[in-house]
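The structure appears below as structure tokens.
All values below were derived from every heavy atom in this structure, side-chain atoms included, with hydrogens, water molecules and symmetry-related copies excluded. On a predicted model such as this, the values are computed, not experimentally measured, just so you know.
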Amino acid sequence: MRQRGWWLEDAIVGGTIVHPGGRTITADEHPRLAWLTNNASDVHGDAHRAAHGPFGQPLVLGALSVAVVVGLAEPATALPSEARRAVPDGWSSIILAGVVLAGDSLNATSRVEAVTVDDDRRGGRVRRLIEGRNQRNEVVVRIQDDRWAPARPDGTTDC
């Protein structure tokens, strides 16, 4: 099985992890999430009213944009025995820096700010700034994250 994600060894202070892949937000995803979360704003769910607004169409919910970018930037999957360590602490900052519209494709990078290796060397804490960009390379989301990442298992190579 090929591992998706990055390992602790990939996190070099001052470096940038370019996360593989991307994700296009489709026209039906954001209205559904707006409905599920009871977000009644016309800017997200009323195509007719949004067509007369400054963007000409509904905006994708910021929560969906953040969720997609966080998912793209996830570290490698930890072994089941490390699951307790791998639970994220949450985010200290989320900035919605730009507009996301249906049809936009998002990708992610992480700028590594600090790394603390665990005493047992099976992983460590990584503080990073995740940036989500659209297909025009415009930053649309910035997320400050501090989380645990697993160390690369012995005998494996690139993720």
Inset, instruction - Check the pair R133 / E131 against salt bridge (charged side-chain N to carboxylate O under 4.0 Å, His left out), numbers first and verdict last. - result: CA-CA 6 Å; R133 296 176 181 269; E131 285 191 334; 3.0 Å; yes

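- The closest side-chain heavy-atom distance from I12 to V112 is not below 4.5 Å.
- Pairing each heavy atom of S105 with each of T24, the nearest pair is OG-OG1, 2.5 Å.
- We find the OG1-CG distance between T16 and D10 to be 12.5 Å, quoted to the nearest 0.5 Å.
- With a 4.5 Å cut-off on side-chain heavy atoms, E29 and L64 count as touching.
- Checking side-chain atoms of R147 against main-chain N and O of V87 turns up no donor-acceptor pair under 3.5 Å.
- Atoms CZ and CD1, from R142 and I130 in turn, are 13.0 Å apart once rounded to the nearest 0.5 Å.
- Judged by distance alone, the side chains of S110 and H19 do bring a donor and an acceptor atom under 3.5 Å apart.
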Inset, instruction - Show the numbers, then the answer: is there a side-chain contact (heavy atoms from CB on, under 4.5 Å) between V126 and W148? - result: CA-CA 6 Å; V126 177; W148 187 83; over 6 Å; no

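- Looking at D146 and W91, their side chains never bring a donor and an acceptor atom within 3.5 Å of each other.
- Closest heavy-atom contact between D104 and R136: OD1-NH1, 3.8 Å.
- The closest donor-acceptor contact from the side chain of Q57 to the backbone of L101 lies at 3.5 Å or more, if one exists at all.
- Scanning all heavy atoms of the two residues, the minimum distance from A102 to A27 falls at CB-CA, 3.6 Å.
- V13 and I17 fall within a single hydrophobic cluster, where Ile, Leu, Val, Met, Phe, Trp and Tyr side chains are chained together by heavy-atom contacts under 4.5 Å.
- We find the OG-CD distance between S92 and Q144 to be 4.5 Å, quoted to the nearest 0.5 Å.
- Atom CD1 of residue I143 and atom CG of residue L96 lie 8.5 Å apart, to the nearest 0.5 angstrom.
- Rounded to the nearest 0.5 Å, atoms OG1 (T109) and CG (L129) are 8.0 Å apart.
- Smallest separation of non-hydrogen atoms from A78 and A86: CB-CB, 4.0 Å.
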Inset, instruction - Could you give me the CA-CA distance, side-chain angles and deciding distance for E113 and R128, then say whether side-chain contact (heavy atoms from CB on, under 4.5 Å) is met? - result: CA-CA 5 Å; E113 298 173 344; R128 63 192 174 135; 5.7 Å; no

Inset, instruction - With salt bridge (charged side-chain N to carboxylate O under 4.0 Å, His left out) as the test, would you mind laying out the steps for E82 and R85 before giving the verdict? - result: CA-CA 5 Å; E82 305 293 342; R85 291 184 188 192; 3.2 Å; yes

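- Residues A73 and W6 approach most closely at O-NE1, 2.9 Å, considering heavy atoms.
- There is no path of hydrophobic side-chain contacts, each under 4.5 Å, that joins V141 to L59.
- A salt bridge does not link R125 to D118: none of the charged nitrogens lies less than 4.0 Å from a carboxylate oxygen.
- D28 and T26 share a side-chain donor-acceptor pair at under 3.5 Å.
- Sparse packing is recorded around CZ of R121, with 12 or fewer heavy atoms of other residues, nucleotides or ligands lying under 6.0 Å away.
- L33 and V68 fall within a single hydrophobic cluster, where Ile, Leu, Val, Met, Phe, Trp and Tyr are joined by side-chain heavy atoms under 4.5 Å apart, directly or via other members.
- V140 is not connected to V99 by any chain of hydrophobic side-chain contacts under 4.5 Å among Ile, Leu, Val, Met, Phe, Trp and Tyr, and they are in different clusters.
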Inset, instruction - Output, in order, the C-alpha distance, side-chain angles, deciding distance and verdict of side-chain contact (heavy atoms from CB on, under 4.5 Å) for V100 and N134. - result: CA-CA 8 Å; V100 177; N134 62 20; over 6 Å; no

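- Rounded to the nearest 0.5 angstrom, N107 CG and N137 CG are separated by 7.0 Å.
- Contact between A149 and P75 at its shortest, heavy atoms only, is CB-CB, 4.1 Å.
- Atom NE2 of H52 is surrounded by more than 12 heavy atoms from other residues, nucleotides or ligands within 6.0 Å.
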